[in-house]
Amino acid sequence: MPELPEVETVCRGLREQLSAKSEVVSVALSRKKLREPMPKSLAAKLSGQAFIAVRRRAKYLLLDTENATVISHLGMSGSWRMAATDEAAQKHDHCRINFADGRSLIYHDPRRFGLLLLAELGAEQKSKWLKSLGLEPLSVDFTAAYMLQKAKRKSVAIKNFIMDQKIVVGVGNIYAAEALFHAGIRPQKLASRVDLASWQRLIAAIQNVLGDAIKHGGTTLRDYRNARGELGEFQAELFVYGRENENCKTCGSPIKWLKQTGRSSYFCKVCQK
DNA sequence: AAACCTCCCTGGGGGC
DNA sequence: TGCCCCCAGGGAGGTT
């Protein structure tokens, strides 16, 4: 589900919601496991603490107290919501963090592909989930020269390459399709065949589409909600994703669909070469 | 080493 | 209405 813009939107929302810095009084976990079991020590570690910062690395949310960091990944269907502590639980709620001010922060995840882990303060980057991650796409390090070098002698399609979290993080199936459209590059093109000028266009396209999606609060296809329970609005701005047989917004020709390594791709065969 | 495939889950939609 | 199959925003682990 959530790619960088959705996770960033949730991050900003949680930062605001947690700015009250109320102490945790208790934590309740469901018996179901997410991708990994949730740590039993969560209640003991968080009780008496307040969250002092909320950060994002790739598609991971990092919630800091003074002595630990909660690592959260939303998988395909995860969401966080703030509710009154006396509000009834919903099906698929898996973690409920109760604060002294009468509110509760709740992790909800029907498919349970998400993650909820605990790291010692400052040690989250050592987690196996974070240690091999590539560059942040909105950082100054993300350059055409870097991508050209990394793509050398790679026989993967460009779409798979820009979705490889070891190379660049945060780009998933929707925004890969959208960025390639805006850069005029077909998703099947080999990464090693993309020249420097094309990389410059593609990097600009990735940064623009991620930035615009953040401004629109992300894309809601089905499950995604921000920390206030609101939907994203970027789905109205999509040029190709999910638009098979609909007219290209630029040239009018029908958008094409293909399956690449098990995932749907969408492109315009006139606008993308 | 690199590039596929499979699997972890629930639920919604389409075809019959 | 029901059943069955396919699909979905991710990503680690296994296989070739």
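In this text, all values refer to a predicted model and were calculated from it rather than measured experimentally. Atoms considered below: every heavy atom in the structure, side chains included; atoms not considered: hydrogens, waters and symmetry mates.
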Report, one line per pair, each donor and acceptor closer than 3.5 Å where one atom sits in a side chain of residues 114-124 of chain A; sequence neighbours left out.
unit_1: A/E124; atom_1: OE2; unit_2: A/R55; atom_2: NH1; d: 3.1
unit_1: A/E124; atom_1: OE2; unit_2: A/R55; atom_2: NH2; d: 3.1

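- Note that A/K249 lies in the cation-pi zone of A/F239, set by a 6.0 Å cut-off to the ring centre and a 45° limit from the axis.
- Taking the nucleotide of DNA chain B with the nearest heavy atom to each of A/R222 and A/S155, the more 5' of the two is matched to A/S155.
- Here the C1' atom of nucleotide C/dG11 and the CG atom of A/L117 are 14 Å apart, to the nearest Å.
- Atom OH of A/Y175 and atom P of C/dG9 are 12 Å apart (whole Å).
- C/dG9 and B/dA3 have their C1' atoms separated by 23 Å, given to the nearest Å.
- For the 3.5 Å distance criterion, the side chains of A/S264 and A/Y241 fail to qualify, holding no donor opposite an acceptor.
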TODO: Return one dot-bracket line describing DNA chain B 5' to 3' (Watson-Crick or G-U wobble pairs, both distances under 3.5 Å; ( ) same strand, [ ] crossing, | another strand, . none).
DONE: .|||||||.|||||||
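- Applying the 4.0 Å criterion to OP1 and OP2 of B/dG11, one finds that A/K91 has a side-chain N or O inside that range.
- Side-chain contact check for A/K159 and A/S265: at least one donor-acceptor pair (N or O, by modelled atom type) lies under 3.5 Å.
- For A/K154, the listed nucleotide lying nearest its side chain is B/dA3; candidates were B/dC4, B/dA3, C/dG9.
- Rounded to whole angstrom, the span from the OH atom of A/Y60 across to the P atom of C/dG10 amounts to 12 Å.
- The existence of a salt bridge linking A/R12 and A/E8 is confirmed by a sub-4.0 Å separation between a basic side-chain nitrogen and an acidic carboxylate oxygen.
- The closest side-chain heavy-atom distance from A/I167 to A/M147 is below 4.5 Å.
- At a cut-off of 3.5 angstrom, counting only N and O atoms as typed in the model, there is no donor on one side facing an acceptor on the other between the side-chain of A/R263 and the base of C/dA8.
- Close to C/dG9, at under 4.0 Å from its OP1 or OP2, lies no side-chain N or O of A/S77.
- Within the 4.0 Å cut-off from OP1 or OP2 of C/dG10, not a single side-chain nitrogen or oxygen of A/H73 is found.
- Residue contacts shown for A/T220 are absent, as no nucleic acid heavy atom lies under 4.0 Å away.
- Separation of the P atoms belonging to B/dC5 and C/dC7 is 14 Å when rounded to the nearest angstrom.
- Partner of A/D93 under the salt bridge (Lys or Arg N to Asp or Glu O under 4.0 Å) criterion, chosen from A/R31, A/R81, A/K32: A/R81.
- Taking atom CZ on A/R153 and atom C1' on B/dA2, their separation rounds to 13 Å, with Å as the unit.
- Set against B/dC4, C/dA8, C/dG11, the side chain of A/K59 has C/dG11 as its closest nucleotide.
- A donor-acceptor pair shorter than 3.5 Å can be found between the side chains of A/D64 and A/T69.
- The side chain of A/R35 has C/dG11 as its nearest neighbour among C/dC7, B/dA3, C/dG11.
- Side chains of A/Y266 and A/E246: a donor-acceptor N/O pair is absent below 3.5 angstrom, by distance only.
- Between A/H92 and the phosphate of B/dG11, there is a side-chain N or O to OP1/OP2 separation shorter than 4.0 Å.
- Side chains of A/H94 and A/D109: a donor-acceptor N/O pair is absent below 3.5 angstrom, by distance only.
- The distance between atom CG of A/L190 and atom C1' of B/dA2, rounded to the nearest whole Å, is 14 Å.
- Here C/dG10 presents its P atom at 14 Å from CZ of A/R56, a figure rounded to the nearest Å.
- Contact between the side-chain N/O atoms of A/K259 and the OP1/OP2 oxygens of C/dC7 is found at a separation under 4.0 Å.
- A heavy-atom distance below 4.0 Å to DNA chain C is reached by these residues of residues 160-167 of chain A, ordered by number: A/Q165.
- Distance A/L221 CG to B/dG12 C1': 13 Å, rounded to the nearest Å.
- Of the listed nucleotides (B/dG11, C/dG10, C/dA8), C/dA8 has the atom at the smallest distance from the side chain of A/Y241.
- Between A/F234 atom CZ and C/dG9 atom P there is a gap of 16 Å when expressed in whole angstrom units.
- At a cut-off of 3.5 angstrom, the base of B/dC9 holds no donor-acceptor pair with the side chain of A/R112.
- Candidate nucleotides C/dG11, B/dC8, B/dT10 were compared by shortest atom distance to the side chain of A/F113, and B/dC8 ranks first.
- Checked by atom type, the side-chain pair A/K269/A/Q272 shows no donor-acceptor distance below 3.5 Å.
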